[in-house]
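Note that this is a predicted model, so its numbers are computed, not measured. When a residue number appears, it is its place in the shown sequence, counting from 1. Whatever order the structure lists them in is the order used to number ligands and atoms, beginning at 1.
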Amino acid sequence: MTEIIDGKALAQKIQTNLADKVKQMKERYGIVPGLVVILVGDNPASQVYVRNKERSASKAGFKSETVRLSDATSEEELIAIIEKYNQDSSIHGILVQLPLPSHINDKRILLAIDPKKDVDGFHPVNTGHLWNGRPQMVPCTPAGIMEILRAYQVDLEGKHAVIIGRSNIVGKPMAQLLLDKNATVTLTHSRTKNLSEITKSADVLIVAIGQGNFVTKELVKDGAVVIDVGMNRDKNGKLIGDVKFDEVAEAASLITPVPGGVGPMTITMLLEQTYQAALRSVTK
Ligand code: GUN
């Protein structure tokens, strides 16, 4: 029997619980978690993400700010804004939405964020903590996937976890988090030879390649757990994942749909990490 993962319900449950924790934080410490999202330019997908983040943060009782800047914003101007929020004690999380316009060096921007407020987990200090097996701020999509695997009681110990896609945002941090749970991890990518031989042996298959319907049933072992990070549009504009859902669902024991799988968990982890950063600001 295939079980379809309900990422939306899990996200709602965690966010409701978080809203309670925020109320308690306000009573106990007199603060609420503060999140600022900075968006440069008018990339339509980014605008949707940012609006969703804003809405979820407000709903959970956070202080939520969004800074919308024109495409013409310079690197120096953006860094000055980040530095202002680094100093602002009512803000515990700073997120600069990617991608940035091409004239801005994103590495330099990510380095400007105070690692303690880096709720995306992209600063090299946080990447280092993650690689040392002591994660602090973790990229939100892999963190959300780990929550899904935990909630659905997927046993990772000694299992073969295969990741397709080696991005800094998903693939690489995902590998480390799975290693921390004693999975045997194979990180594959667009140049991997004999991909299907590798994926066919996966107990857990995580797909973040960014190509609609890339994973067909020929790539999946019977009974595998399949997690689809993809967000693509088909030729009719419909949102589809990287996994050909209907046929792969027949083979998988557990599978995420798109939409309603990983996506809602990403924002949830962003809020959770902002809450944790706020808590550390008063308890450390
Ligand atoms: N663009 C796509 N995914 C992400 C993400 O997780 N964080 C940020 N900052 N930008 C993104």
Side-chain angles (χ1 to χ4, degrees), residues 7 11 35-57 62 64-69 71 73 75 78-79 81-82 85-86 91-102 104-127 130 135-148 163 165-177 206-211 227-233 239 241-242 256 258-259 261-274 277:
L35 173 66
V36 61
V37 175
I38 303 172
L39 173 62
V40 186
D42 50 13
N43 178 314
S46 292
Q47 285 181 337
V48 175
Y49 291 139
V50 167
R51 248 198 321 274
N52 287 340
K53 285 170 192 167
E54 208 173 10
R55 202 174 299 141
S56 304
F62 284 43
S64 165
E65 282 186 33
T66 305
V67 181
R68 290 182 167 79
L69 301 168
D71 247 336
T73 305
E75 213 168 278
L78 183 52
I79 289 175
I81 292 168
I82 291 169
Y85 285 108
N86 281 343
I91 292 293
H92 310 96
I94 302 172
L95 182 146
V96 178
Q97 185 67 33
L98 303 176
L100 286 165
S102 56
I104 296 180
N105 176 345
D106 53 11
K107 288 194 181 64
R108 208 175 148 218
I109 297 303
L110 297 178
L111 270 174
I113 299 173
D114 179 345
K116 290 200 270 316
K117 298 189 178 189
D118 169 39
V119 280
D120 251 333
F122 294 161
H123 192 288
V125 164
N126 286 317
T127 314
L130 179 62
Q136 296 195 358
M137 299 286 202
V138 178
C140 298
T141 298
I145 293 171
M146 293 310 288
E147 276 299 312
I148 288 176
I163 303 161
R166 58 176 153 179
S167 69
N168 290 332
I169 298 183
V170 183
K172 287 192 227 166
M174 192 73 245
Q176 182 59 41
L177 292 171
I206 300 192
V207 192
I209 187 105
Q211 282 184 46
I227 305 287
D228 187 352
V229 182
M231 292 263 238
N232 314 283
R233 298 271 168 197
L239 189 63
D242 290 351
T256 55
V258 174
V262 173
M265 288 302 292
T266 298
I267 291 184
T268 305
M269 298 321 290
L270 172 70
L271 300 181
E272 181 67 36
Q273 293 202 118
T274 306

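Taking the side chain as every heavy atom from C-beta outward, Val125 and Asp118 never approach each other to under 4.5 Å.
Thr141 does not count as a contact of ligand 1, since none of its heavy atoms falls under 4.0 Å from the ligand.
Although no hydrogens or angles enter the test, the distance criterion places a donor-acceptor pair under 3.5 Å between the side chain of Asn86 and the main chain of Ala112. Looking only at distances, no side-chain donor or acceptor of Asp106 sits under 3.5 Å from a matching main-chain atom of Pro99. The closest donor-acceptor contact from the side chain of Glu75 to the backbone of Ile109 lies at 3.5 Å or more, if one exists at all.
Results of the side chain to side chain contact (heavy atoms under 4.5 Å, CB included) test with Thr256 over Ile145, Asp228, Val229, Ile206 single out Asp228 as the only residue that passes. With Ile38 as the fixed residue, the side chain to side chain contact (heavy atoms under 4.5 Å, CB included) test singles out one of Ile81, Val50, Ile113: Ile81.
The contact set between ligand 1 and Leu95, taken as ligand atoms under 4.0 Å from a residue heavy atom, comprises 9 (N).
For a threshold of 3.5 Å applied to N or O pairs, the pair formed by Val96 and ligand 1 contains at least one separation below that value.
Residue-level proximity to ligand 1 for Phe122 is carried by the side chain, the only part with a heavy atom below 4.0 angstrom. Within the 4.0 Å heavy-atom criterion, the part of Asp120 lying near ligand 1 is the side chain and not the backbone.
For atom 10 (N) of ligand 1, the closest non-hydrogen atom of the protein is Leu98 N, 3.0 Å. Among protein heavy atoms, atom 11 (C) of ligand 1 sits closest to Gln97 NE2, 3.4 Å.
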